[in-house]
Amino acid sequence: MIFKAILNGSSPSVAAQAEELNGFIRKHLSSGDNIGSTIVFYAKKEAKNALLGLVPTESVKLVRVARYQPENILEALQTVENAEKTHLYLFPSGFAGSEIAVRWACRMKGSSLVQVKQIECSGAQLIARKTVYANHVLGTFKLTQKPYCISLAKGSADRQAITIRDKRIVTEHDLTGLQKDRFIKHSNWIPTETTQDLEAATFLIVGGRGMHSKENTQRLKKIADALGAAFGVSRPVAMSAWTPLHRMIGVSGAMTKPEVCIAAGVSGAAAFYAGIEKSKTIVAINTDIRAPIIKAADVAIIDDYKAVMAELAKIVLC
Amino acid sequence: MNILVCFTTVPEVEMLADEDWVIDKNLQIDTSFLKPTLNSYDESALEIALTLSDASESVKVPIELTALTIAGSGATTLLKTLNALRFKRVVRIDSQDDLRFRPMAIASILTQYVFKLAPQDVLLLGRQTHIGENARTHLLVAEMLGWPCITQAIRIELVDMNHLMVTSQMDDGLLRQQIQTPCVLSIGDAPNTYMRVPTLKDRLRYGKQPIETLSIKDFQLADETEELVDLEVIHHERAGIVIEGKSPEEKARKLYEAHLKRSVLVKERPAKI
Amino acid sequence: MKKQLIHSMDDTYHEYLRDESKMRGAADSISFPESEAEIGNILRVTRENRMPVTIQGGKTGVVGSAVPSRGHIMNLSLMNKVKSFFIAEAGEAFLKVEPGITLNELRKAIDRLETPKALFWPPDPSESTATVGGIASTDAKGICFHLYGKSTSHISGIRVMNAEGSIRDLKSGQDAIVINGKSKDLQDVYLGGEGMYGVITELTLRLMPKPREIWGIGFFFEDREDGMSFSDQLKATSFEVQGANIAAIEYLDHTIINALERRKNELTKIKHIPDVATRIATMVYVEIHGDQEEAIEEIAEALMTIGSSFNGDPDQTWAFSGEPEIDKMRNFLHAAAEIAILHVEKVRSEDHRITKLGIDISLEGDGLKTWVSRIEKTLQKENLKAGYWGHIGSNRLHIDILPGSYGEFVKGRTLFETWAERFPASLGNAITSYGIGKLKKSIFLKTVSKAYIEDLHQMKKQLDKHNLWNPGNMIEVL
């Protein structure tokens, strides 16, 4: 199978994306009959060399664009790619990857699937698995039309450092003049915290709906800070605006893999659980023994999380 | 400005007990006994559309809202509520089809609706449902319409007759962009966008306005490019060992000793002399 | 290996010593039977040891009926199966269930039945984790009691086991017991009996066709007199149109509404409900059930006219329709009942002697407005703050005194006693609204007739001669 990985070189998290793609390629596309290359989109000239180091394949196509704007990226792909020669396009996890994967497939009359966990190639066939039913069910899909365009599910593969040293630049393109984004009259970037600290954390404390208020949320965050743990929340908490959106854990937020995750006042909906299921140890603190999180945890404390966490802070900090 | 909001209802699967997760030979899971609720992203889309309509007078931009769903007659109550909330047109495309994994089909219906039946300037859709988790319909419809698409919108403001200010969530931040219509906008995790409740006066006056009913047979459905071959229930069980104790203090101590002390909360104490 | 049925009480079972009343009891052992046979085996042991048995369901009660005073706890939460569904010759539909099934589970089971018309079981206490056995034993009333009547009229038969382990099948209206010369329906004795006469092992529920349409309308009044007059007027008017009718009239005063608005930040369940302006003095929520939307609309039009005549602004109403929306509003109402509990939890941290001070008054005869002004005067004299809410459709007003200190708590408690003496009929009539259990026993014994209490003692003597069932509920047996 001939595959191409796509990298968004202007994303601050490009290194993480590259390593995740690399992990996925090693896991599913490492056999000899698969031939891979990478397309890197980037904006700043000076970033080029550093980006080359992040490319997970030997061959690479470099495409310079004004910025990573989906309409322009699609146009750029159309300019530099001959999709008939490629079986599979791999896009990184995250919103930007999924967005291009689906639209590119549509333009090339191919198949697409987003948030893919695993793939299986047999000959020219592609079987892909992803969760459905709010992370309660694993769906298996057969992609029927080439090119197959998929984006990875966050955490679908362990990050692997790029070991390939020598890169061969196949072609270089300057497409900074593309104007498919003219419908945007002006734009303003508002940087926010990212989920990266959550995804890198070894110790994570997560608060759920059981925190009941913004004040309690801030209080638990303080305890997390004092204990040196990263702090995340479940979707109902983020949707109540008790924390910024980027603290959200789960299918539409951060996918974490800490040594220990303490889930406090979290009921444990499957879509949330997806975000912590890679934890080595899950500790649930909840007053309700029937909450789904209890069965899905390694250890559980049936009590008011506020009292338990306050005591834990005392034990550790005094 | 004509705005089309596409929405759907979904069963609340968190209500299913462990033993209810049964996949039959047709790859169906029986959720017929669960109450269908408005898909949460679509609820945000509907409410955001209503806030745009609220702003219409002060910005002096007339806005016409259409709400559309592809569903059986069970959606009627909700459609009447949307009438009462002053959506100009409320459309149901009657269908009993299994559309869980048919984003291409849905996108092609929406495209035909916009091109052939009711021209629009803006399409608002929730980013996905939690059943299919396809997260593709809005992108496919943008391609079919040949319109640009902004995903993960969490706030939309009205600028003038053909411009909107859209704040959307990106992987590393928020992007606030003034865009020109036409455009497809998919709604992401937009905080505090619960759908409002109509007044009794409006429900009595507008609730009974006709619901435009079309049949899915009136549309040409695009074929899917992927085929569902299997579904398998994921089990999340772990040991679930309950830490016993007389007080929160005792339980916290046991937790610390057994699970935290040697891993994430290693204390670095100066060695005693 | 034989299954261990009885466990001695240790920390693991702490939470089984209390219910929603927060009252804490004591027990020696606990069991979680999964069948009638297991109940029989457990009773053999408790009988040999002369050990009293307290029966538990969902532990959602607020008067401590399921809180053990001593002996054994028999928790029926694992007896939650649906046994059979059948349609009788007359076309009525019945569902046989075990007592530990929760309302949530029951609703799911009913929605799964394949019947030409959707069915439901009318009793609808707002706490959906309540068990059917608990609802039956406390004769719990939902907010739609007004239209559908007592829970017990929706139960056609029960199966009970006494302390000796013998089993009887009782049918409503067919089995009787003679108490002090009067014949009483035996099923009625068990239903509402708070577990004092034996354990119910099975219930046959009478299901009804579900109304096709439900509307819920919130009316708001800036002047509370207007809101009260509106409620009284609704109660006094007949609204039935082609089978559609008002099923519930719920009243909330500004103290409760303001507290609920503050709770919205905490309780995601009620965030879906729009905000209520602070100038609003009262809210009246009316639910209309029926099959024909036209009929419901006709009633709603009439309500709107009456609302306007009491200065309710028709542009400031809420009109919900359909089950998902109605459920959100029901959550909001359910949260009203928790306001006093939360208040008490807060002031208790200052002084642990303070407990919940809530009382129910029957509005029969005088109506809401008269009662509130009567009560208000005495409260004002004592300088006490209170929240009022109630099921006006069912003629019940609930008053929660919200004491700020122990001194105020004592004043409030004394006031309740004065009311019990001054208005025994109105308090006595209403006292069973949420059961009597252990917490309302003293006021119950003060307000109901001597003859009634004597009947209770007689029934206890006949059906539970060794006084082994749920000791401490309703009456003191020496």
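Here is how names work: the chains are called A, B, and so on, in the same order as the sequence lines, proteins then strands, and each is numbered from 1. It should be emphasised that the depicted structure is a prediction, and the values quoted were computed from it without experimental measurement.
Side-chain contact annotation: Glu232(B) with Thr140(A), donor-acceptor N/O pair under 3.5 Å absent. Counted by atom type alone, Ser263(B) and Glu259(A) present zero donor-acceptor pairs between their side chains at under 3.5 Å.
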The test is side-chain contact (heavy atoms from CB on, under 4.5 Å); show your working for Ile154(B) and Leu245(A) and say whether it passes. CA-CA 10 Å; Ile154(B) 58 171; Leu245(A) 272 176; 4.1 Å; yes

Give the intermediate values and the outcome of side-chain contact (heavy atoms from CB on, under 4.5 Å) for residues Leu113(A) and Arg136(B). CA-CA 8 Å; Leu113(A) 213 55; Arg136(B) 288 192 287 157; 4.0 Å; yes

Would Leu227(A) and Leu260(B) satisfy side-chain contact (heavy atoms from CB on, under 4.5 Å), going step by step from the backbone distance to the final call? CA-CA 11 Å; Leu227(A) 295 178; Leu260(B) 307 177; over 6 Å; no

Between Val260(A) and His259(B), is the side-chain contact (heavy atoms from CB on, under 4.5 Å) condition met? List the steps. CA-CA 8 Å; Val260(A) 177; His259(B) 301 282; 5.8 Å; no

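Remark: side-chain polar atoms of Lys130(A) are paired, donor with acceptor, to backbone N or O of Glu133(B) under 3.5 angstrom. A donor-acceptor pair is defined here as one N or O able to donate and one able to accept, closer than 3.5 Å; such a pair exists between the side chain of Asp171(B) and the backbone of Phe95(A). The backbone N or O of Ser11(A) lies less than 3.5 Å from no partner atom in the side chain of Asp172(B), so there is not a single donor-acceptor pair. With Lys295(A) contributing its side chain and His236(B) its backbone, the two residues share no donor-acceptor pair below 3.5 Å.
Chosen from Arg103(A), Lys314(A), Glu277(A), the residue pairing most often with chain B at heavy-atom distances under 4.5 Å is Arg103(A). No other option in Thr151(B), Ile23(B), Val13(B), Thr31(B) has as many heavy-atom pairs under 4.5 Å with chain A as Thr151(B). Most heavy-atom pairs under 4.5 Å with chain A, from the set Thr193(B), Asn192(B), Asp18(B): that is Asn192(B). With respect to chain B, the highest number of heavy-atom pairs below 4.5 Å among Ser98(A), Pro191(A), Ser240(A) belongs to Ser240(A). In terms of heavy-atom pairs under 4.5 Å with chain A, the best-connected choice from Gly188(B), Cys149(B), Cys183(B) is Cys149(B). Across Arg127(B), His138(B), Gln169(B), the residue that shares the most heavy-atom pairs under 4.5 angstrom with chain A is Gln169(B). Put simply, of Gly228(A), Ala241(A), Ala270(A), Pro70(A), the one with the most heavy-atom pairs under 4.5 Å next to chain B is Ala270(A). The residue among Thr192(A), Asp181(A), Val137(A), Ile282(A) with the most heavy atom pairs within less than 4.5 Å of chain B is Val137(A). Between chain A and the options Leu174(B), Ile179(B), Thr167(B), heavy-atom pairs under 4.5 Å are most frequent for Leu174(B). Options Gln178(B), Gln180(B), His235(B), Glu249(B) differ in how many heavy-atom pairs under 4.5 Å they form with chain A, and the most are formed by Gln178(B).
Rounding to the nearest 0.5 angstrom, the gap separating the CG atom in Leu255(B) from the CD1 atom in Ile301(A) is 4.5 Å. Separating the CD1 atom in Ile184(A) from the CD atom in Gln177(B) is a distance of 4.0 Å, to the nearest 0.5 Å. Here Ile150(B) contributes atom CD1 and Phe183(A) contributes atom CZ; the two are 4.0 Å apart, rounded to the nearest 0.5 Å. In this structure, the separation between CD on Glu226(B) and CG on Leu126(A) is 11.0 Å, given to the nearest 0.5 Å. Rounding to the nearest 0.5 Å gives a distance of 11.0 Å between CG of Leu228(B) and NZ of Lys142(A). Note that the CD1 atom of Ile234(B) and the NZ atom of Lys117(A) stand 5.5 Å from one another [nearest 0.5 Å].
Between Arg107(A) and Glu143(B) there is a salt bridge, since a side-chain N of the basic residue sits under 4.0 Å from a carboxylate O of the acidic one.
For chain A, the nearby parts of Met170(B) are the backbone and the side chain; heavy atoms of each come within less than 4.5 Å. When heavy atoms are compared at a cutoff of 4.5 Å, Leu27(B) does not approach chain A at all. If you measure heavy-atom distances from Ala190(B) to chain A, the contacts under 4.5 Å come from the backbone alone. Residue contact with chain A, scored on non-hydrogen atoms closer than 4.5 Å, is absent for Thr129(B). For Glu237(B), the parts lying near chain A are the backbone and the side chain together; criterion is any non-hydrogen pair under 4.5 Å.
Summarising the geometry of Thr225(B) relative to Ser112(A), their closest heavy-atom pair is OG1-N, 4.1 Å, with the distance given to 0.1 Å. In plain terms, the two heavy atoms of Met239(A) and Tyr194(B) that are nearest each other are O-OH, 4.4 Å. Residues Lys251(B) and Ile302(A) come closest through the heavy atom pair NZ-O, 3.0 Å. A pairwise comparison of heavy atoms in Arg238(B) and Ala297(A) identifies CB-O, 3.2 Å as the closest pair. Between Val308(A) and Ala252(B) the shortest heavy-atom distance is O-CB, 3.6 Å.
The 12-atom threshold is not exceeded at CZ of Arg182(A), counting heavy atoms of other residues, nucleotides or ligands nearer than 6.0 Å.
Between Phe272(A) and Glu14(B) there is no side-chain heavy-atom pair separated by less than 4.5 Å. Within the 4.5 Å cutoff, no side-chain heavy atoms of Arg176(B) are placed close to those of His186(A).
Note that Arg235(A) lies in the cation-pi zone of Tyr41(B), set by a 6.0 Å cut-off to the ring centre and a 45° limit from the axis.
Using a 30° and 60° split on the angle between ring planes, His136(A) and Trp21(B) fall in the parallel class, below 30°.
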